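All values derive from a computational prediction rather than experimental measurement.
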Amino acid sequence: MTEQTHDNNIRHIVIAGGGTAGWSAAAALARVLAGSGSTITLVESEAIGTVGVGEATIPTIHTFHRMLGIDETEFVRATQTTFKLGIEFRGWGSADNRYFHPFGHYGREFDSIPFHQYWLYGSRFEDCGNLSEYSLCTLAAERGRFLPANSDPRSILSQLGYAYHFDAGLYAKFLRNYAERLGVRRQEGQVVDVTLRKEDGAIRELVMASGQRVEGDFFIDCTGFAGLLIGGALNVGYEDWSHLLPANSAVAVPSENVGPTAPYTRSTAAAGGWQWRIPLQHRTGNGFVYSSRFLSDEQAVETLLQNLEGRALAEPRQLRFTTGRRKKFWHKNCVALGLAAGFMEPLESTAIHLVQTSISRLLLLFPGRELHPADIEEFNRQTAREYEYIRDFIILHYHANQRSEPLWQYCREMPVPETLTHRIALFRNRGRFFEREEDLFKTASWLAVLMGQGIQPQGYHPVMEGKTPQKVLGMLREMRELLRSGAEAMPTHDEFIAQNCRAPSPSEPLVNSHSRSR
């Protein structure tokens, strides 16, 4: 690469803030921009710390890890990771109901017709069981079993999808080690001011509490809810979604592990909100998300502590938030990531996904020294659409309920976005879904929540009338048995970890835990 080519590239990238967002950005930029002539500096303060409650992920994290060349076993051991086949929901439709949102598929698609249409048609003639009996993820989760997915479409394990539960602080440390080995420079200190360029209003430098100034050509705001760069200095507004997602508070506490380690996240609805349970190798993460309009802080803490399955390991930690997003995620020479970009409550574990897909999108549209409006507009358009799509999916959980408490009555009766109303209407009619390639949650996810919370199709696809009932029923019976036996043949989740990737206890040394950066 010639010196002239380097002159066209961004010379100095400055990341304000660490945590998962900051170090994910540092690792990915260092990996992809190697040899471009760009330098990367991450500024963070040990005094500020990070929110660090987002310990559950979704399967898209595999794409990010593949881009970085991360070895799964080393990552799992370094971050006290367990595996996640989906999310168990308790009490969301009515106070006593329970369903599972799996990461894999339901059955197999035949003749370009979604599998659930066969199940709907077959159920007209005989009891074909619950749709969940055709999900390998659900069957394995119910039995506490786990194996990684197999890419061979002939293997039953190709039906699996999985993600991770991990210690967010250890994950940020893992990514920091990766990034620093690739030349990222970390600078300790607290940002107290941001200086703008007079000629175009873009960011010139960060001013530290020590008086030092950190200049840059391109800035990434990972300063959390404060949004010091995107909101403070550049004055980009925030689109408030509190009227659609009224939860504005959370309290979190770790606890001791009790019993076998479940290969799934648990979400339990309660009078004023919902409680999460995330098992790691060395502890369990717990939290209660609620609306202060319907529940006091004291009641939230009491609910959380009463429902712990093990002894609390710390004092409960309080958080406040406003669900929504920035009106622009990229403005001038600054891109916001993580909490600085917006907040979607942790119901479907999308926080880290939104960070890492935004990073991937930025890399595809990464600028040279001259910023082009079309690139910025495309980044903002795609990112806004992703936030709004996830917002609608989360609203569905709240809106489709039959609970009697005030919070749930409000959510059931509130107006919802037309995009969600249309999806529900399509499903109610004949169980139809239409998904775009870029949609995060596919048909199986919408099926799980809609049917799990009591919304049933009134019919099925008309093409099914041409199918022979006995053939359909025979296929359903065979598949049901194959999936059941496949789940029972797996090792338990704890056995798989013990045999393949057990992390040292916090007092043991961790050997060979670095990811591969080649």
Side-chain angles (χ1 to χ4, degrees), residues 18-28 49-87 103 141 146 148-149 161-179 222 252-257 260-267 276-287 310 313-314 317 338-339 346-357 359 493-494 496-498 500-506 508 510-516:
T20 297
W23 287 111
S24 289
T50 59
V51 172
V53 298
E55 296 167 328
T57 61
I58 56 179
T60 52
I61 195 171
H62 297 299
T63 303
F64 187 77
H65 283 187
R66 280 195 297 269
M67 178 180 70
L68 297 184
I70 286 175
D71 178 86
E72 182 176 76
T73 300
E74 294 175 354
F75 149 73
V76 168
R77 296 185 71 244
T79 56
Q80 296 281 350
T81 288
T82 59
F83 296 92
K84 176 182 175 182
L85 293 168
I87 306 172
F103 286 153
F146 177 78
Y162 72 95
Y164 308 110
H165 304 124
F166 53 62
D167 184 306
L170 292 177
Y171 186 56
K173 181 180 178 181
F174 181 83
L175 292 173
R176 173 183 169 179
N177 290 340
Y178 178 103
C222 300
V253 67
S255 67
E256 288 182 335
N257 283 340
T261 310
Y264 55 86
T265 301
R266 182 188 299 160
S267 169
W276 78 74
R277 182 180 187 275
I278 300 172
L280 310 180
Q281 290 193 40
H282 63 313
R283 62 177 171 84
T284 297
N286 310 272
L313 298 176
R317 183 180 180 190
L339 300 177
L347 184 59
E348 283 285 351
S349 310
T350 54
I352 292 173
H353 163 85
L354 284 166
V355 168
Q356 294 178 344
T357 55
I359 292 169
H493 184 217
D494 286 330
F496 178 84
I497 290 174
N500 296 278
C501 49
R502 187 186 71 82
S505 69
E508 293 179 61
L510 185 63
V511 181
N512 295 327
S513 64
H514 296 309
S515 60
R516 294 173 185 149

Between Lys173 and Thr79, a side-chain donor and acceptor under 3.5 Å |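 Per modelled atom types, Lys173 and Thr79 side chains form no pair under 3.5 Å.
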Would you call Arg283 and Asp167 a salt bridge, taking side-chain N to carboxylate O under 4.0 Å as the test?
-> yes
Distance (rounded to the nearest 0.5 Å) between [X] [atom1] and [Y] [atom2]:
X      : Y      : atom1 : atom2 : answer
Phe75  : Tyr164 : CZ    : OH    : 5.5 Å
Gln356 : Ile58  : CD    : CD1   : 9.5 Å
Ile359 : Phe64  : CD1   : CZ    : 4.5 Å
Leu339 : Thr20  : CG    : OG1   : 10.0 Å
Lys84  : Tyr264 : NZ    : OH    : 13.0 Å
Ser267 : Leu347 : OG    : CG    : 5.0 Å

Is there a side-chain contact between [X] and [Y] in this structure, where contact means two heavy atoms from C-beta onward sitting under 4.5 Å apart?
X      : Y      : value
Pro59  : Phe103 : yes
Phe166 : Ile278 : no
Thr73  : Arg77  : yes
Asn257 : His282 : no
Glu256 : Leu313 : yes
Ser349 : Thr57  : no
Leu175 : Leu68  : yes

His353 and Ile61: side chain to side chain contact (heavy atoms under 4.5 Å, CB included), yes or no, with the steps?
-> CA-CA 7 Å; His353 163 85; Ile61 195 171; over 6 Å; no
Does the side chain to side chain contact (heavy atoms under 4.5 Å, CB included) test come out yes or no for Val253 and Arg317, once each step is laid out?
-> CA-CA 6 Å; Val253 67; Arg317 183 180 180 190; over 6 Å; no
Qualifying residue, where the test is side-chain hydrogen bond (donor to acceptor under 3.5 Å, both in side chains) with His165 and the options are Thr284, Thr265, Thr81 |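 Of the listed options, the one satisfying the test is Thr265.
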Contact summary for [X] and [Y], nearest pair of heavy atoms:
X      : Y      : value
Val355 : Ser24  : CG1-CB, 4.2 Å
Ala172 : Gly19  : CB-C, 3.7 Å
Ala141 : Pro263 : CA-CG, 4.1 Å
Gly338 : Ala21  : CA-CB, 4.3 Å

With sequence neighbours excluded, what pairs up with Arg176 under the side-chain hydrogen bond (donor to acceptor under 3.5 Å, both in side chains) test?
-> Glu180
Who are the salt bridge (charged side-chain N to carboxylate O under 4.0 Å, His left out) partners of Glu72, not counting sequence neighbours?
-> none
Residues two or more places apart in sequence or in another chain: which of them pass side-chain contact (heavy atoms from CB on, under 4.5 Å) with Ile497?
-> Thr82, Phe83, Gln281, His493, Cys501, Arg502
Verify whether the ring centers belonging to His62 and Tyr162 lie closer than 6.0 Å.
-> yes
